[in-house]
Amino acid sequence: MSDRPRPSFPVRLDREGAKGAKTVTGSKQGSPTKPSGTPVTKPVVNTAVNVASPVARQAASGARGTLPVKSAVPQGMGLDSQAVRQAMVNKLAAQGIHDARVLEAMGTIERHRFVDSALVNQAYEDTSLPIGLGQTISKPNVVARMIELLLQGSTEKLGRVLEIGTGCGYQAAILSRLAREVYSIERLRGLHDKARENLRPLRLPNVHLLFGDGMLGYPQGAPYAAIIAAAGGAEVPTAWTDQLAVGGRLVAPVHSVGGERKQVLVLIERTGQGLKQTLLEPVHFVPLKSGIA
Ligand code: SAH
């Protein structure tokens with residue numbers, strides 16, 4: 001008879017090792033299942049209010065939790081979010097995103113769950129949005145483009161992927177559908193916690209959230225089939241390329257010749273012969289910083 005508390009989800013990983021993450025499934029005795037057949041989990045919620053949905057989140061931030069639910073439903077983002085998301089996907093396709101796997105993932109993950117309730121109505125516009133602590137959730141087009149670059153040349157799922165800059169967790173959720181394992185690292189505690197909260201209701205057993213300095217990569221999970229950075233520095237840290245598998249691909253923003261204010265995307269491929277670097281289009285990402293805060 002074990003009375004051990006169930007682990008919260010996503011299972012917290014410490015620097016000691018990323019292995020052993022467990023999927024939390026519902027209790028065996030009469031655990032209800034959703035119509036989709038997804039096992040219903042009982043995530044341990046630390047806060048008094050379950051902030052899984054924008055509705056609950058808005059209610060939670062409202063006065064004394066007495067808001068009638070209806071008035072808390074963000075306009076235009078109720079049951080019809082599927083349609084708004086599909087319109088975003090159509091636009092992505094028109095902008096040149098062709099990989100059906102990427103489009104499917106972008107059409108499935110609900111971006112509005114990752115932004116503050118006040119910004120929910122802009123969640124499916126092709127724009128970056130503030131997520132707190134001076135950081136932003138990347139534009140859908142940029143997320144799709146970078147992941148498409150990682151997948152290029154392969155018809156299979158990616159193996160292990162390292163994401164530097166978890167932010168609100170949106171891109172990690174997209175990656176979870178396209179990779180076997182996702183290790184995502186964030187240097188700001190506040191955002192690491194926010195991502196954990198945002199991702200908890202999605203129950204993605206292959207996403208491992210890490211708190212630390214992503215400049216160092218995450219050697220415990222290496223080698224990676226793909227590395228993706230959501231923050232840009234003067235150069236790509238050698239720790240990242242060292243942790244890239246042969247045949248692996250890395251996509252990151254880096255400062256271009258114009259200096260700190262100008263960035264371009266760089267694609268780095270590790271071949272049997274070494275590293276091959278390709279500079280791509282201009283982008284605008286938050287700065288890659290060292291240390292944790
Ligand atoms: N992929 C994120 C985008 C977040 S913005 C999303 O979907 O929301 C980029 C993030 O990179 C910021 O949260 C910032 O704090 C983080 N970051 C910057 N330098 C970092 C570093 N050295 N290690 C880990 N995270 C870093």
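Basis for what follows: all heavy atoms, side chains included, without hydrogens, waters or symmetry-related copies. Indexing begins at 1, ligand by ligand and atom by atom, following the structure's order.
In this structure, a donor-acceptor pair under 3.5 Å is absent between the side chains of E148 and H98. Donor-acceptor pairing under 3.5 Å is recorded for the side chains of E163 and S184.
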For this session: In sequence, state the C-alpha distance, the side-chain angles, and the governing distance for T166 and H192, and then conclude on side chain to side chain contact (heavy atoms under 4.5 Å, CB included).
Result: CA-CA 7 Å; T166 313; H192 167 75; 5.6 Å; no
Exercise. Could you walk me through whether M88 and M106 pass the side chain to side chain contact (heavy atoms under 4.5 Å, CB included) check?
Worked result: CA-CA 8 Å; M88 175 188 83; M106 302 290 294; 4.2 Å; yes
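Residue contacts with ligand 1 for A231 involve side-chain atoms from C-beta outward but no N, CA, C or O (heavy atoms, distance under 4.0 Å). Here P287 has backbone heavy atoms under 4.0 Å from ligand 1, and that is the only part of it that gets that close. Residue contacts with ligand 1 for T136 involve N, CA, C or O but no side-chain atom from C-beta outward (heavy atoms, distance under 4.0 Å). At a 4.0 Å heavy-atom cut-off, ligand 1 touches Q135 through the side chain alone. Only the side chain of L191 comes within 4.0 Å of ligand 1, judged by heavy-atom distances.
No N or O atom of L288 sits closer than 3.5 Å to an N or O atom of ligand 1. By the 3.5 Å distance cut-off applied to N or O atoms, A230 is not counted among the residues near ligand 1. Residue-to-ligand polar distances keep S138 apart from ligand 1: every N/O pair is separated by 3.5 Å or more. Here's the thing with K289: one of its N/O atoms is less than 3.5 angstrom from an N/O atom of ligand 1. For a threshold of 3.5 Å applied to N or O pairs, the pair formed by I164 and ligand 1 contains no separation below that value.
For E281, the CD atom sits in a packed shell: over 12 heavy atoms of surrounding residues, nucleotides or ligands are nearer than 6.0 Å. More than 12 heavy-atom neighbours from other residues, nucleotides or ligands sit within 6.0 angstrom of NZ on K157.
Residue L188 approaches ligand 1 through these ligand atoms, each under 4.0 Å from one of its heavy atoms: 15 (O). Ligand 1 places these atoms under 4.0 Å from at least one heavy atom of I185: 24 (C), 25 (N). Near M215, meaning under 4.0 Å from any of its heavy atoms, are these atoms of ligand 1: 22 (N). Numbered from 1 in the order shown, with element, the atoms of ligand 1 that lie under 4.0 Å from a heavy atom of G214 read 21 (C), 22 (N), 23 (N), 24 (C). Each of the following atoms of ligand 1 lies closer than 4.0 Å to a heavy atom of V286: 5 (S), 9 (C). Under a 4.0 Å criterion applied to the non-hydrogen atoms of E163, ligand 1 contributes the atoms 1 (N).
By the 6.0 Å and 45° rule, R111 stacks over the aromatic ring of Y170. Taking the ring centre of F211 as origin, the terminal cationic atom of R189 falls inside the region bounded by 6.0 Å and 45° from the ring axis.
Annotation: atom 11 (O) of ligand 1 to nearest protein heavy atom, G165 CA, 3.1 Å. In terms of protein heavy-atom proximity, atom 7 (O) of ligand 1 is nearest to Q171 N, 3.2 Å. Of the protein's heavy atoms, R187 CD, 3.3 Å lies nearest to atom 20 (C) of ligand 1. Scanning the protein heavy atoms around atom 13 (O) of ligand 1, the nearest turns out to be E186 OE1, 2.7 Å.
Ion pairing between R113 and E110 holds under the 4.0 Å rule for side-chain N and carboxylate O. The existence of a salt bridge linking R160 and E181 is excluded, since no basic side-chain nitrogen approaches an acidic carboxylate oxygen closer than 4.0 Å. The pair K194-D116 meets the salt-bridge criterion, with a side-chain N (NZ, NE, NH1 or NH2) lying under 4.0 Å from an Asp/Glu carboxylate O.
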Show me the donor-acceptor pairs, under 3.5 Å and distance only, between side chains in residues 223-234 and residues at least two apart or in other chains.
residue, atom, partner, partner atom, Å
Y224, OH, Y218, O, 2.4
Y224, OH, G221, N, 3.4

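Within the 4.0 Å heavy-atom shell around ligand 1 one finds T166.
Closest to atom 8 (O) of ligand 1 by heavy atom, among G212, C168, G132, is C168.
Residue pairs that meet the side-chain hydrogen bond (donor to acceptor under 3.5 Å, both in side chains) test with at least one member in residues 131-144, sequence neighbours left out, are Q95-N141.
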